[in-house]
Structure formats: structure tokens, C-alpha cells
Amino acid sequence: MTSSVRSTVRALFQAAVDQVKRDGLVPAIPDSIPVERPKRPEHGDYATNVALALAKSAGKQPRALAEMIVERLRAAGGADLAEVSVAGPGFINLRLSDGFWQRRLLDILAADGRWGQGEPRQSPRILVEYLSANPTGPLHFAHGRHAAVGDSLTRLLRFAGYDVLREYYINDAGNQVAMLALSVWARYMEAAKGEDWTGVIVPEVAFPEGGYRGDYIRELGLELLDHEAGRFVGADPPADMEPIKQFAISRCMDMIRNTLVKFDVTFDVWQSERALHDSGEVSSTLAALEQAGFIDRRDNAVWLKTTVLWGDDKDRVVQKSDGLPTYLLADIAYHRKKIERGFDELCDIWGADHHGHVPRMQAALKALGHDPNRLSVLLIQMVSLLRDGKPVAMGKREGEFITLDEVIDEIGRDATRFFYLMRRHDTPLEFDLELAKRQSMDNPVYYAQYAHARCASLLRRATELEAPRLPPTAELFARLNLPEEIALLRRLSDFPDFVDDAAAAREPHRLVSFIGDLAGEFQSYYTRLQKVHGDSVLPQERQRVGNWRETWDWQKTAARLHWVEAIRQVLETALGLLGVSAPAVMKRIGGEGEEAS
RNA sequence: GCGCCCGUAGCUCAAUUGGAUAGAGCAUCGGCCUUCGAAGCCGAGGGCUGGGGGUUCGAUUCCCUCCGGGCGCGCCA
């Protein structure tokens, strides 16, 4: 099982601080000692500012107090404590022994590819709702960011031990899908025009104002005509649009689902908005809001008193004067149901343009007697597509957007997912298609995958050379004593804490930096081992002469192979959390850049 | 006008939830292939963190105020 070095260190600090308190030197101590990894290696492996925080209440100089803590830290001792010191205004820096870090490799290998995984935790149970794109057409490139962030976030949360459900809310009720049906019907009529349908002259109909104009609508119109012949032909849309609507929605959802399969994004539950209406949950929610006393009836409409509940600037309509519920009411019903289903935290991922919706939903939860903070909303900023630094021309007319399918087809799933996750979700993203496609060192996806492939390659070569594989032991790992090797061991050891932090912050994009750092450190080591240390993991060709098998240090090689395997596993795990593959071999696609020489 | 988000190297972005000398990648310049994968490595230059004030041992981070950008402010979803 995964262990956290940080909590081990925290316990050391805690014990020393407890002792200081028992000795009557400070009045009170914090529940949890803050422990951080200093940016600068000179500051040791871990540091705490606890003396700075306690100095005032203890009436002591921070450095003096730090010295007292350090004294007790040293007394408690332990062979793993290589160095403890007071620095700067009163930080306590702590360095662990090489042996400690070398032994972590035993833990990492024992985790058997699951290093970093958190202990399962009972709470909070989290429902992550994301994407929830309207079933009115294919996913476009901006949806890709939602899909990538939501999917990686849920992978990360699950890996960190949370109980998570992934849900897609299908907006299959209301105006948008009504317009979808009308648009499809109009295209159907267009296709039927001029044909002889049992003697009926097919009239020309105008395409609806604000209708969906994508080519897929035309195709759906044709398909409808194939299946249903002249059933819906007429000057006006049929009184019962339901069959057309259902047909169109189901086709659009097929398109969306197919794209998601290609993108390797999975949902556990597909919740239909319409089902909430049909089951009466929407109307019962209105009743509940009214019973709670937060409903106003005026101007023929029904209002939720969000101004009273949550300091909104105006109340919001939940039922229109035509008697139909608004989207807001259905959404409130949906969130109410989520809580009733037993989720502690509702994590929604919305487009940043919906941010005005957040306080209203929180107001509604409050009205229903729930803690508004159980809803957390991640707002995703917009994506702009670039090609070689220039914006991709997008048609002004509706329907001419670049689809997610097109992006994936052009640059591949790995690069697409990686690029969507390179930035924090609340900052706008510039997505450069040419850069993502480029198979060179300025492309961070290939850089990371290349590092993994190099590890795999080394392990492959080791097998070809029949390098002896020795069982992992602390004695064997004592051979990993280069500064670069210890540094990599630190980073691998840090992975569980890193996962924990990224999950707690709901920030999957942090994995991108972790991967970049880990890959970079390994690539650097790989070259430096040879250039600076004049060494290599495996005997190279020029060294394989004479009785090389007898003279080569196979112990060190065996230790390094374990270490390389650990690096490979963590890279694979971290890439997996992003939904990016970890190839054992990098193959060049296309031979365009070949030199003519 | 009101509300939310964002201003960090030439460009794109980090910065461990208030920590120590603000870091990467790209771009620019200069080095490294008698092959464990050069899709790589090493080095250099580049900053008043938009401006100003405040809170404290300490601010890119928190508060106020300007400046500049994005997005909202429907009986649409």
C-alpha cells in the first residue's frame, strides 16, 4: 500500500512540538503541523513554518522557538534523520537520509503499478456532473475541454480513494430540442420537395428562425425521409413533433457517445431532464420550494426568492406565465435528487459563461434545507483554436464549428487530451493544432511519452543482454547513490502526496506538470549519466569485449533496472490519469522530415 | 452601471492554498551524437508579478482602489 512521506515527516514534527508544549514552552499548538516541500534543494527535503506561526502566542522569538523544537527533534532522532536545522526567519528544515529514499523504492515496487493510489475513503461521496452538452448536434472542440477535464478529474479522484460517480445530464426537454426537431423537419421537407408522395404536392417551408444549420441536420432530415417516407409531409409542422424529436435526440446522442468512445471518456449515469419532468420530480420540487416559503407568485409567473436566499440581484422565474417550468427549476429538481441519492458533494463542471447560474443553484439548495456549499462548481474557460499561432477561421454562420471528432482525427487522442489539460480549468486555453501535431521536442506530449518509451527500451535491452535481475532489497538499492538517482526517488516518493493534493484541489492539470518534471529529470539523468558520470545503466557495445560479463557491476545495474521500472510505472500511472497512453515504443508517423542529405 | 473570472520573462503558462533568491516550456544565442532511442542533454540572456495603497515576521497569493481584458446580468438553456 501507498505511504505518504509527508505524513511520516509531519508525525516527527508533531512529536517534537508536542514535547515543547509538555515542557511548558508554548501555550497551545495547532492540530496539524503545516509541512511543505521547499522549492530550493538547499532547504532540505521538508520544512515547517510552525515556529513562525507559534512565536507570537508563545511570546518567543521564532528562531529561538525553532531551536527548541529542533532540539527535541534531534533527541527523538532516528537514523533516517540526516539533518535538521533552523533557517531564515524561523523555518525548520529537515533532510532525510539517502537510505530512507532508497528504501522507498521497496514500497513503490511493492505497490505493483499502483503507487500513488490513496486509501479508499467513505466520504465525501462525490457526484461529478460534466459535459452535459445539449443533444442538438455533435460535440465541438470547446466541449473537448469539458470532457477531458471531467474525465481526468474523476480518474484522479477515484485514484485518490474517493467514491465518485460520473454523470451526464441530457437536456432533452425545452426549447432547444424543440428547435432541433423543427430544424430536422424543415430539412426533411426540403428533401421531400419535388418528389411524388402519393400524389401530394409537397409545399416549400421556410427554415425556422434560429434553427440548427449544420450538415448533420440535413442528413437527419434525409434519414427521416428514408424511414418515414411521407408521414410528416405538410405545410405546417405536424401537431405531434414527438416522434421527430425523439428520433433527432437519439441520433444526436449517438454522435456524442461515439465521439466519447473515441476520446476514451465514460459516464456511469446518463440522466434525462425529461425523465425528471415525467416522474413529477420537477413539480414536487416546486412544491417543496413553496412549502419552504421561498416562492412568490406575481405577473402570472412563479418566482424563487433568490434575493432573500443568497443575495442575488433579482428573483428568478421557475415557472413561466405559460405554466411551463424553466430550465432552472428542472436543474434544481435534478440537484435535489442528487442529494437525495446520498451524495455529499455535488461537483458540477460548467462553462464559464454559466457562472451567473451558480449563486441561484446555491440559493435553491439553501431553500431546500441543504448546505449550499455542498455544490462546488468548476468553471471552464473558453478554448481558442490556433494553427501555427493564428486563430482558426470559424464560419460566422451557425453550424460551422470544428468538431471534437475532427480535432481527435487530426492530432490523435493522446495529444488532444493532454493539450486540453495543460492549463488550469479557469484560465482561457489556446490550443495550437500544429504544435499538438508536431512530433518534436517542443511538443510536451511526445516528450513525456518519449521518456516512458526510453524506460521501456532500457528494460527491453536488459532482457536482450540477459542482465541478471536481482530481488529488490535495501542493500541492493544502496547502490543508487548518485544525486540524480536520489532526486528521482524523492519525486517518485512524493507522488502519493501529489495525487492527494491535486485531488483535494480538484485540479487534474497539475498532473501535467508532475509528468513534465518527472520526464525531464529522467531525460536529464539519462544523458548526464553518460556525459558527466561516464557511466551507463547497461554495458554498451564498446564495453562488451573480453570477459565483460565477469567485470561488469551487475548489482548496480540490477538496482538501476528496478529504479527505471519504478519511474516507468509512475509515468504510466500519471499519464493514465490524464487518459494518455504510455507507449513502450515511439514510432514516427509520416516521413516528412527525413533529410535528403 | 452591477456581479464573477483573469492581468506573472518576447509568447504560452506554473508557483505546493501566506513562505525563503518568483519557476518551466517555446522562441533567441552558444555548446554536446565512435549509436544503453539526439523525439534527447548542458549553458546563457530575459521580471518593479498591470499601477498604487493596506493587513504582518513575510504578499504573485488576502483586503481596498484605479487601469486593461474576458464573461454574465431573459418568463433562453
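Each chain gets a letter, A, B and so on, in the order the sequences are listed, and its residues count up from 1. If you're wondering where the values come from, they're calculated on a predicted model, not measured in any experiment.
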Mind checking the CG-CD spacing from A:Leu286 to A:Glu281? Nearest 0.5 Å is all I need. 14.0 Å
Does any pair with a residue in residues 518-532 of chain A pass salt bridge (charged side-chain N to carboxylate O under 4.0 Å, His left out), and if so which ones, sequence neighbours excluded? A:Glu484-A:Arg528, A:Arg491-A:Glu521
Considering only residues two or more places apart or on different chains, which pairs with a residue in residues 494-521 of chain A satisfy ring pair (Phe, Tyr, Trp, His ring centres under 6.0 Å)? A:Phe495-A:Phe514, A:Phe498-A:Phe514
Which residue pairs pass the side chain to side chain donor-acceptor pair (under 3.5 Å) test when at least one of the two sits in residues 46-68 of chain A, sequence neighbours left out? none
In whole Å, I'd like the distance from the CD atom of A:Gln540 to the P atom of B:G37. 9 Å
Gap in Å between the two P atoms, one belonging to B:A27 and one to B:G70, rounded: 29 Å
Applying side chain to side chain contact (heavy atoms under 4.5 Å, CB included), name anything that partners A:Asn134, two or more places apart in sequence or on another chain. A:Thr136, A:Asn171, A:Gln176
Which atom of A:Phe418 lies closest to which atom of A:Pro444, heavy atoms considered: CE2-CB, 3.8 Å
Does a side-chain N-to-carboxylate-O contact under 4.0 Å join A:Glu464 and A:Arg460? no
Considering residues at least two apart in sequence or located in another chain, which fulfil the side chain to side chain contact (heavy atoms under 4.5 Å, CB included) criterion with A:Leu465? A:Arg461, A:Leu538, A:Pro539, A:Arg544
Does A:Arg37 reach a base, just sugar-phosphate, or nothing at all? Heavy atoms under 4.0 Å. base
Distance between C1' atoms of B:U60 and B:U17 (Å, rounded): 13 Å
Does any part of the side chain of A:Asp331, heavy atoms only, come nearer than 4.5 Å to the side chain of A:Tyr169, both counted from C-beta? yes
In whole angstroms, the gap separating C1' of B:C42 from OH of A:Tyr525 amounts to 17 Å
When you match A:Arg506 and A:Arg542 each to their closest nucleotide on RNA chain B, which lands nearer the 5' end? A:Arg506
Could you tell me how far B:U61 sits from B:A14 if I compare only their P atoms? Round to whole Å. 16 Å
According to the interplanar angle, ranging from 0 to 90°, do the rings of A:His335 and A:Trp350 count as parallel (below 30°), tilted (30 to 60°) or perpendicular (above 60°)? perpendicular
Syn or anti for B:C36, please, going by whether the chi angle lies within 90° of 0. anti
Closest heavy-atom pair, A:Leu518 versus A:Ile567, reported as atoms and distance to 0.1 Å, is CD1-CG2, 4.3 Å
In B/S/- notation, 5' to 3', how is nucleotides 69-77 of chain B contacted by protein heavy atoms closer than 4.0 Å? --BSSSBSB
Base, sugar-phosphate alone, or nothing: which one does A:Val318 contact when heavy atoms must sit under 4.0 Å apart? nothing
Figure out the CG/C1' separation between A:Asp426 and B:G7, and round it to whole Å. 13 Å
Of residues 507-514 of chain A, the positions that come close to RNA chain B - non-hydrogen atoms, cut-off under 4.0 Å: none
Taking atom C1' in both B:A59 and B:G69, what distance in whole Å separates the two? 24 Å
Work out how far the P atom of B:U21 is from that of B:C36, and round it to whole angstrom. 42 Å
Please encode protein proximity along nucleotides 18-23 of chain B as a string of B, S and -, counting only heavy-atom distances under 4.0 Å. -BBB--
Distance check needed: B:C32 C1' versus A:Lys531 NZ, whole Å only. 6 Å
Find the runs of at least 3 consecutive base pairs, i with j, i+1 with j-1 and so on, that include RNA chain B, using Watson-Crick or G-U wobble geometry with both distances under 3.5 Å. B:1-5 with B:69-73, B:10-13 with B:23-26, B:28-32 with B:40-44, B:50-54 with B:62-66
I'd like to know if A:Ser457 reaches the base of B:G37 with its side chain, counting only an N/O donor and acceptor under 3.5 Å. yes
Answer with base, sugar-phosphate or nothing: what part of the nucleic acid does A:Pro539 contact at a heavy-atom distance below 4.0 Å? nothing
Please check the phosphate of B:A38 (OP1 and OP2 only) for any side-chain N or O of A:Arg454 closer than 4.0 Å. yes
Distance, rounded to the nearest Å, where A:Arg424 contributes CZ and B:U61 contributes C1': 11 Å
Who pairs with A:His143 by side chain to side chain contact (heavy atoms under 4.5 Å, CB included), at least two apart in sequence or on another chain? A:Leu131, A:Ala133, A:Leu139, A:His140
With syn meaning chi within 90° of zero and anything else anti, the base of B:U17 is syn
Separation of A:Tyr526 atom OH from B:C32 atom C1', in whole Å? 15 Å
With A:Glu541 via salt bridge (Lys or Arg N to Asp or Glu O under 4.0 Å) - residues at least two apart: none
Does the Lys NZ or Arg CZ of A:Arg454 fall within the cation-pi geometry relative to A:Phe522 - under 6.0 Å from the ring centre and within 45° of the axis? no
Pairwise side-chain contact, A:Arg145 with A:Phe431, heavy-atom cut-off 4.5 Å (strictly under): no
Determine the Euclidean distance between corresponding C1' atoms of B:G46 and B:U34; express it in Å to zero decimal places. 38 Å
Separation of B:G25 atom P from A:Tyr450 atom OH, nearest Å, is 17 Å
Determine the Euclidean distance between corresponding P atoms of B:C4 and B:C63; express it in Å to zero decimal places. 11 Å
Could you state the CG-P distance from A:Asp494 to B:U16, rounded to the nearest angstrom? 14 Å
Categorize A:Ala462 for me: base, sugar-phosphate, or nothing, with a 4.0 angstrom heavy-atom threshold over every strand shown. nothing
A:Ala448: which residues meet the side chain to side chain contact (heavy atoms under 4.5 Å, CB included) condition with it, sequence neighbours left out? A:Ile515, A:Leu575
Pick the C1' atom in B:C6 and in B:A20, then give their distance to the nearest Å. 28 Å
